[in-house]
Amino acid sequence: MSTITIDGQSVPFEDGETIYEVSRRLERDVPTLCYDDRLEAFGACRLCVVELEGARNPVASCTTMAADGMVVRTATEAIERHRKTLMDLVVSENPKGARIDPLRGLASQELAHLAVRYESDGSRFVGKQSGTSRPDDTNPMILRDYDNCISCYRCVRVCAEREGDYAISVANRGFETQITTEFAGLLEDSDCTFCGQCVQTCPTGALGDLRSMEAQDQPGEFEKTRSICPYCGVGCSVDILTKNEKIVGVQPAMDGPANLGALCVKGQFGWDWVDSDERLTQPLVRKDGKLVPASWEEAWERAAKGFKSVVEKHGRHAVYAVASGRAPHESAYSVQKFVRYGFGTNYVDNCSRA
Amino acid sequence: MSTDQDLVARWAVEPAPLLPLLHAFHNRDGYLSEAALRAVSEGLRIPLADLYGTVTFYHHFAREEGGHSRPRVCDGPICKLRGSDELMAELDGATPMPCAGRCDDPIPVLVENRYLAGRPGAKLRETPAPMPDDNPGELEECCFAGIREDGRATLMGYCSDGGYGALTRAVREGSPAGVIEVVEASGLAGRGGAGFPTGRKWRAVAEAPGGPKTIVCNADEGEPGCFKDRVLMDYDPHAVIEGMALAAFATGATRGFIYLRYEYPHTERILEDAILDARDAGLLGQRILGSDFSFELYVRRGAGAYICGEETSLLNSLEGKHPFPRNKPPYPVTHGFEDLPTVVNNVETLASVPPILAKGADWYRGLGLGDHAGTKIISLSGDVQRPGNYEVPIGLPLDTLLNDWAGGPLEGRTFQAVTMAGLSGGFLGKFDDVTLDEPCLRARGSFLGAGGIMVFDDRRDMVDLARQAMAFFAHESCGKCFPCRIGTQRLTERLAGEAGPADADEWKREVADIGTTMAAVSACGLGIAAPLITQSLLRDFPDAVDANLEARKS
Amino acid sequence: MSNPLVDMEKPDVIFCIGTNMTETHPVAATRLKTAIRNGATLICADPRKIPLARMADLHLPLRVGSDVALLGAMAHVIVRDGLTDEAFIAERTEGYDALVKHLETMTPEWAEGICGVPAADIERAAHLYAGAERGAIYYTLGITEHICGVDNVQSLSNLVLLTGNIGREGTGINPMRGQNNIQGAGDAGALPNNYPGFQPVTNPANQAKFAQAWGREVDLELGITKVRALEQCGESIFAMLICGENTVVSDPDRAHCEHALDALEHLVVIDMFLTETAERADVVFPAAGWGEVDGVFTNTERRVQRVRKAVEPPGSAKPDWEIIAGIARAMGLGDGFPYQSAKDVFNELCQLSTTYAGLDWDRIDKGEYHWPVPDREHPGTPILHLGEFPRGRGLFVTPGYRDPAETVSDDYPIWLTTGRRLAHYHTRTMTGRAKGPDWLVPEELLEVHPDDVQRLSLVDGGVALMKSPRGEVLIKVKATDQSPRGTVFCSFSFGDVRVNDLTGAGYDPITDTAELKVCPVSVEPAGARV
């Protein structure tokens, strides 16, 4: 069996595994900024370089396939020095990167964490900053704060490789590089579908979830609750973000079995109706032709009385129930049981015929 | 005038259609309009955002009306010394372009698709590039052996001196394996800079599964101070074509591209004519010389991007993709053009092949000095009596080239520095004992590369030359890998005094640290080589650095 | 779906018909795009030049409602040109000879005359699909919301059986379910013909099973569908419980629907909002919504997944099951609803269902199971019909082409077809209140081909009056070649453009699904009506 030696430990690997993947399996904490599990390895940030015996220079572990007999060291002094220099360079043009609110997006803290790990505070390699923010893009979903962009192109790659929308790309080159839509326009005029995948993979918060960011000034930390998106039948796994007992956002679950981290505009940005002041908060009963608030006991009694009187007048086949295709199983099960158990009929359906 | 639909229809069916289609619109409209990009996007099914991003990558595509006709004036290191700033000021609407490969007879100016030369106060003129002088050492040459003959660029002229004889013999009597054996035995190595053994590359492609296979001639001669490929293509185009056909025969390739830099528009016409003539003579195309061997050859013109000289960027560019370099491995020999086995060779490498096959591997090996095999064309320019292209035996003392062959420094001047590999090898301040071969130069922290040597005499400000060089690399950095994208910028700022520590020791530490990491971890040769500029400056010109830093304080 | 979502990256030929997947199931569509990026061929049959059509190698722009002709002709070509999977037909199907005879007259030329797709393209589509190593069909409501919805599905099924593109990875016939838990509502037994787990109510054994579990006996007779029930309102149906559905807006023929609900003596609605439907109720209960309840959803690939409560519902709103249990209690039926939690309800469902028999609340925590999971040892069923079909052999059926319930005429010369928009969901009860989606698509637009805009004297951006025999609406016009000439499109998502005032000419005789995809209309400038 083929084996590779990583930091003195000899391990078998599967065909097609990269050094980075094997290292991660061994819980070696190899840093990276341009890597996203779901994307083809890109090899841009060079933070994941490792020492490979026999190679003149360190190699990027994310783009180098493991091969039998390789001897790799992931954190030699020289490698760590290169990483420190790289981090100092990155932070030198993104000094704000260490102070980004985590509500901006799922990966938004990656740069900040590495800046702490490598003690990069922006004091070395001071100079010009790249990336021009787009405050003119006033869409209410995606913040385009490119002053914080580090040109890792995860946004461009996720848009192309995972979403298949190809709405954004890389304009210019070198230090003038800029994330762009066609003709440098607004997202709404591009092929962007506002799925928010770019936001969630951005490691610096240069792209931010503007809906969630509305809660960033509230005190306290947010919590996550794993659930399923309430819209179409794909069943995407999401984490519901809550802060102070309120839903403040949604992030895709990268391990969601149906979506593997993908979402669409509805799942990503279509949650803020939950807080609508049009929500019903108490039962209503019709009195004198008008729906007026009532207690639960009164509403239950009134509902029950209505059904009973119809059955008395017209028989048990005069009652019908429609279950929702939106509510959970427990709702539909209760509706059909209400009909079958209560009236002994099969006069029940769901809304799939609409 | 052709309609959008005509242009799209003309090119959509061709291989590697994006660049020629963009050029067709660029030439027709004088710029690339939004409507043109929309038509190209739809016609070639390239997402519009991708296409827009890719177009902005190239220096020469104008995106404003009339942009194509604005003069582009070379501001490479040598042209800068010869007054390119003044010339630019004299020409209406002129903009700078990186070194356009005429350092032996500056200053090149591009106006639309005309390649002119000028100097401050003089009229722009269309003159042919200088022909290499007869070999000053009276040594036997490989590439230049026939180039000075009249009519050499025509099919008849080339054939009259035995041209296409190697191809004819290979096709009629030889075998692919036989060709590879000779090339391997000759010791020919890549003349574009990387120096990979050519025979080994061909063998790898010949043995690689999958097809069709492709031969790419890298004619994107973008390295400042290099102008040798241009002279080969202008004066001996059939040698390059025959070399490519031989490579195709040896590897089983059926299609080929010459990826020509944007800045050589006249060369494109020469190559196209030569290809037509060769096709008509049955030397290219289907069933070459009546055999089963077929090879179609196309010219594709770049659009102004130094990085496209890097072979994987070049392949992405040909394929119509964003010209970032690819991650290697896999290498082009197995995953090249359209992810299929591909030979990428430099112009000089390919032009060396016909004489090698005609005269034999031993003959070629014997052209080098000592243990070194073969010859190398050096593009020599700058503060020297006789700049120009010289084909030298590998291992020739630099001193012989500079003083005996090229006439030494200008009257009353002394040499201060030379560059190696154009700019990529950095500066040498002490070079009395240098010989022109990789082992010697690598030991000195430099390399021969594509063979551009620029000479600077005692008048020149080394820190400013380094700044210009680093600004070039920053301008040409593709923006993919972090160390190069940020590093070239930070080094330029420090050399220019625009940013960085005031304290000299701290300044040097920053410059050295950036360079060390760039050289070690950059993703391609650009980022690895660029810091040789600063490393060699600190190494060979410490006094100049100290004086410069001191002067900033006042 | 016969195959799981992950399989969508695996076909080498994809046939999408009647699905605007990039807008209705965008995340599933990303999988198809991956397949295409990896070299798969896409055939898209849709009257409109939808995004999938633009991506496709072959677009078949058929006239609305002509699917049976197109699909029959494809089957004709597959048989005619010997592209069938003979071993599959011999081993796993029946009725082949009858089909061959039936297809004789369904030539591509004949179909071209009906559906407008060039015969050569029909042949090419047939060859591509039949030539696939792994051919997969995807469809949504564009196939089913017709008077011939069942015929359409059977025509697709014929293609599958002829070519053996089923029961393997990356193949299959895959309807994409439109709502998050529409699959689950059926699974849970909210159907007039089936108990939970699709156990027929007409089977006495099932009747006995539930009678034993619940202590109550249920009719052996089928119930009626919602469509019939609405027709019977005020005649034989006098009370209704509607849970989480805005029937008035989402169902066809709005006037009919409003009239039906108004004819009831008693209407109880459970909803999160005071919808147009709730406004007509006698009692309205405030429902706890998404993020506020624990529960279970089953997605389009039959994957059973947990939803979880993240926050308290607003005010005193409660989960549906609690509300219904309260009504039952007040009716003296409390013994049947002894639940303390959603978990209790779900576990009872699992105990009584055959498809969920191997599951319970704790086992679905990670969402790994695709039903059927008949017992505790069973790993779940990502791919259906691996060895055999539920009925044993796959049956070829022989649907003939029928015109839609209404066809274009002098009075109503334009085809209207309806559908969805990416940013909005159904009647916008949620997305209309979400800032992002509402900003993205703030109003409904009638998509009209630029030539038709001119021909009908309309103005791009101006308002048009659109009429059918059942009603009329005012709607803003958008000139776009996404619509073919002679066909217009809009969604039914916006309450102020009551497009379902117009639809509803007919229903599929078997499923009672309304023909929402075809409705002849007239379109004229609104003029003084604005």
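In this text, all values refer to a predicted model and were calculated from it rather than measured experimentally. In the text below, chain A, chain B and the rest are named by the order of the sequence lines, each starting its count at 1.
With a 4.5 angstrom heavy-atom cutoff, C/E322 touches chain A only via backbone atoms. At a 4.5 Å heavy-atom cutoff, the contact between C/E279 and chain A is made by backbone atoms alone. Within the 4.5 angstrom heavy-atom criterion, only backbone atoms of C/E221 (N, CA, C, O) approach chain A. Residue A/T345 touches chain C through both its backbone and its side chain, counting heavy-atom pairs closer than 4.5 Å. Contacts between A/R211 and chain C at a heavy-atom distance below 4.5 Å involve the side chain alone, from C-beta outward. For chain A, the nearby parts of C/D335 are the backbone and the side chain; heavy atoms of each come within less than 4.5 Å. Only the backbone of C/R306 comes within less than 4.5 Å of a heavy atom of chain A; no side-chain atom from C-beta onward does. Proximity to chain C is limited to the backbone of A/A160, based on heavy atoms less than 4.5 angstrom apart. For A/E297, no part lies under 4.5 angstrom from a heavy atom of chain C. Heavy-atom distances place no part of A/C195 under 4.5 Å from chain C, backbone and side chain included. When heavy atoms are compared at a cutoff of 4.5 Å, A/V311 does not approach chain C at all. Contact of A/V292 with chain C is not made at all, since no heavy-atom distance falls under 4.5 Å. With a 4.5 angstrom heavy-atom cutoff, A/D255 does not touch chain C via any of its atoms. Looking at C/D294, only its backbone comes within 4.5 Å of chain A, counting heavy atoms on both sides. Contacts between A/S237 and chain C at a heavy-atom distance below 4.5 Å involve the side chain alone, from C-beta outward. Residue contact with chain A, scored on non-hydrogen atoms closer than 4.5 Å, involves the backbone of C/K309 exclusively. Contacts between C/Y507 and chain A at a heavy-atom distance below 4.5 Å are absent for every atom of the residue. Neither the backbone nor the side chain of C/I270 comes within contact range of chain A; no heavy atoms are under 4.5 Å apart. Proximity to chain C (any heavy atom under 4.5 Å) is shown, for A/E298, by neither the backbone nor the side chain. Using a 4.5 Å cut-off between heavy atoms, A/H314 contacts chain C through its side chain alone, with no backbone atom that close.
To the nearest 0.5 Å, atom CD1 of residue C/I324 and atom CD of residue A/Q336 are 10.0 Å apart. Here C/R280 contributes atom CZ and A/L291 contributes atom CG; the two are 11.5 Å apart, rounded to the nearest 0.5 Å.
Proximity of C/D219 to A/R316: side-chain heavy atoms (C-beta onward) are separated by under 4.5 Å at one or more points. Side-chain contact between C/F297 and A/S227 is absent, with no heavy-atom pair separated by less than 4.5 Å. With a 4.5 Å cut-off on side-chain heavy atoms, A/V265 and C/L440 count as touching. For the pair A/Y320 and C/I224, the minimum side-chain heavy-atom distance is below 4.5 Å. Using a 4.5 Å heavy-atom threshold, the side chains of C/L222 and A/N346 count as separate. Two residues are said to be in side-chain contact when any heavy atoms from C-beta on lie closer than 4.5 Å; C/D344 and A/E330 fail this criterion. The shortest side-chain heavy-atom distance between A/F338 and C/I327 falls under the 4.5 Å cut-off. C/Q179 has its side chain out of reach of A/C232: every pair of non-hydrogen atoms, C-beta onward, lies at least 4.5 Å apart.
The main-chain N or O of C/G336 is found under 3.5 Å from a side-chain atom of A/Y341 such that the two form a donor-acceptor pair. Of the possible polar contacts, one joining the A/R279 side chain to the C/A287 backbone as a donor-acceptor pair under 3.5 Å is found. Not a single donor-acceptor pair under 3.5 Å links the side chain of A/D349 to the backbone N or O of C/P192. In this structure, the side chain of C/S316 engages the main chain of A/T281 through a donor-acceptor pair within 3.5 Å. The backbone N or O of A/G235 sits less than 3.5 Å from a side-chain atom of C/Q305, completing a donor-acceptor pair. Under the 3.5 Å distance criterion, the side-chain polar atoms of A/K266 are matched with a main-chain donor or acceptor of C/L422.
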Requested in this report: For C/W321 and A/Y333, run ring pair (Phe, Tyr, Trp, His ring centres under 6.0 Å): C-alpha distance rounded to whole Å, both residues' side-chain angles, the deciding distance at 0.1 Å, then the answer.
Outcome: CA-CA 8 Å; C/W321 64 266; A/Y333 183 81; over 10 Å; no
Query raised in the report: Given the rule in the side chain to side chain contact (heavy atoms under 4.5 Å, CB included) test, do A/C351 and C/K226 qualify, once you have shown the distances and angles that lead to the verdict?
Result: CA-CA 8 Å; A/C351 51; C/K226 184 184 79 174; 4.3 Å; yes
**Report entry** Candidate pair A/K337 and C/E348, rule salt bridge (charged side-chain N to carboxylate O under 4.0 Å, His left out), full reasoning
**Finding:** CA-CA 11 Å; A/K337 188 170 181 186; C/E348 180 179 311; 2.8 Å; yes
Query raised in the report: What do the steps show when you test A/D275 against C/R433 for salt bridge (charged side-chain N to carboxylate O under 4.0 Å, His left out), and what is the final call?
Result: CA-CA 9 Å; A/D275 232 10; C/R433 294 174 172 94; over 6 Å; no
Query raised in the report: side chain to side chain contact (heavy atoms under 4.5 Å, CB included) between C/I182 and A/N350: does it pass, once the steps are laid out?
Result: CA-CA 8 Å; C/I182 196 71; A/N350 64 66; 3.5 Å; yes
Report task. Given side-chain hydrogen bond (donor to acceptor under 3.5 Å, both in side chains), test C/T298 with A/H329 step by step and report yes or no. Result -> CA-CA 8 Å; C/T298 293; A/H329 286 54; 3.0 Å; yes
Requested in this report: Let me see the working for C/F273 and A/S276 under side chain to side chain contact (heavy atoms under 4.5 Å, CB included), right down to the final yes or no.
Outcome: CA-CA 9 Å; C/F273 295 101; A/S276 163; 3.7 Å; yes
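The pair C/E217-A/R340 does not count as a salt bridge, with every side-chain nitrogen at least 4.0 angstrom from each carboxylate oxygen. Ion pair A/K287/C/D282 not flagged as a salt bridge, since none of the NZ, NE, NH1 or NH2 atoms sits closer than 4.0 Å to an Asp/Glu carboxylate oxygen. A salt bridge links C/R37 to A/E40: one of the charged nitrogens lies within less than 4.0 Å of a carboxylate oxygen. A salt bridge links A/K313 with C/E265: the closest approach of a Lys/Arg side-chain nitrogen to an acidic carboxylate oxygen falls below 4.0 angstrom.
The greatest number of non-hydrogen atom pairs below 4.5 Å with chain C, out of A/C264, A/G342, A/A262, A/A258, is found for A/A258. Residue with the most contacts toward chain C among A/I228, A/T225, A/I142: A/I228 (heavy-atom pairs, distance under 4.5 Å). Of the residues considered (A/E245, A/K308, A/E163, A/K224), A/E163 shows the highest number of contacts with chain C, using heavy-atom pairs under 4.5 Å. Ranked by heavy-atom pairs under 4.5 Å with chain C, the first of A/V274, A/I247, A/V339 is A/I247. Contacts with chain C were tallied for A/K246, A/Q268, A/R226, A/Q197; A/R226 has the most, counting heavy-atom pairs under 4.5 Å. When A/L284, A/V335, A/V319, A/I240 are compared by the number of non-hydrogen pairs under 4.5 Å with chain C, A/L284 comes out ahead. Chain A forms the most heavy-atom pairs under 4.5 Å with one residue out of C/N194, C/V304, C/D187, C/L220, and that residue is C/N194.
For C/W439 and A/F194, the distance between ring centers is under 6.0 angstrom.
By the 6.0 Å and 45° rule, C/R329 stacks over the aromatic ring of A/W300.
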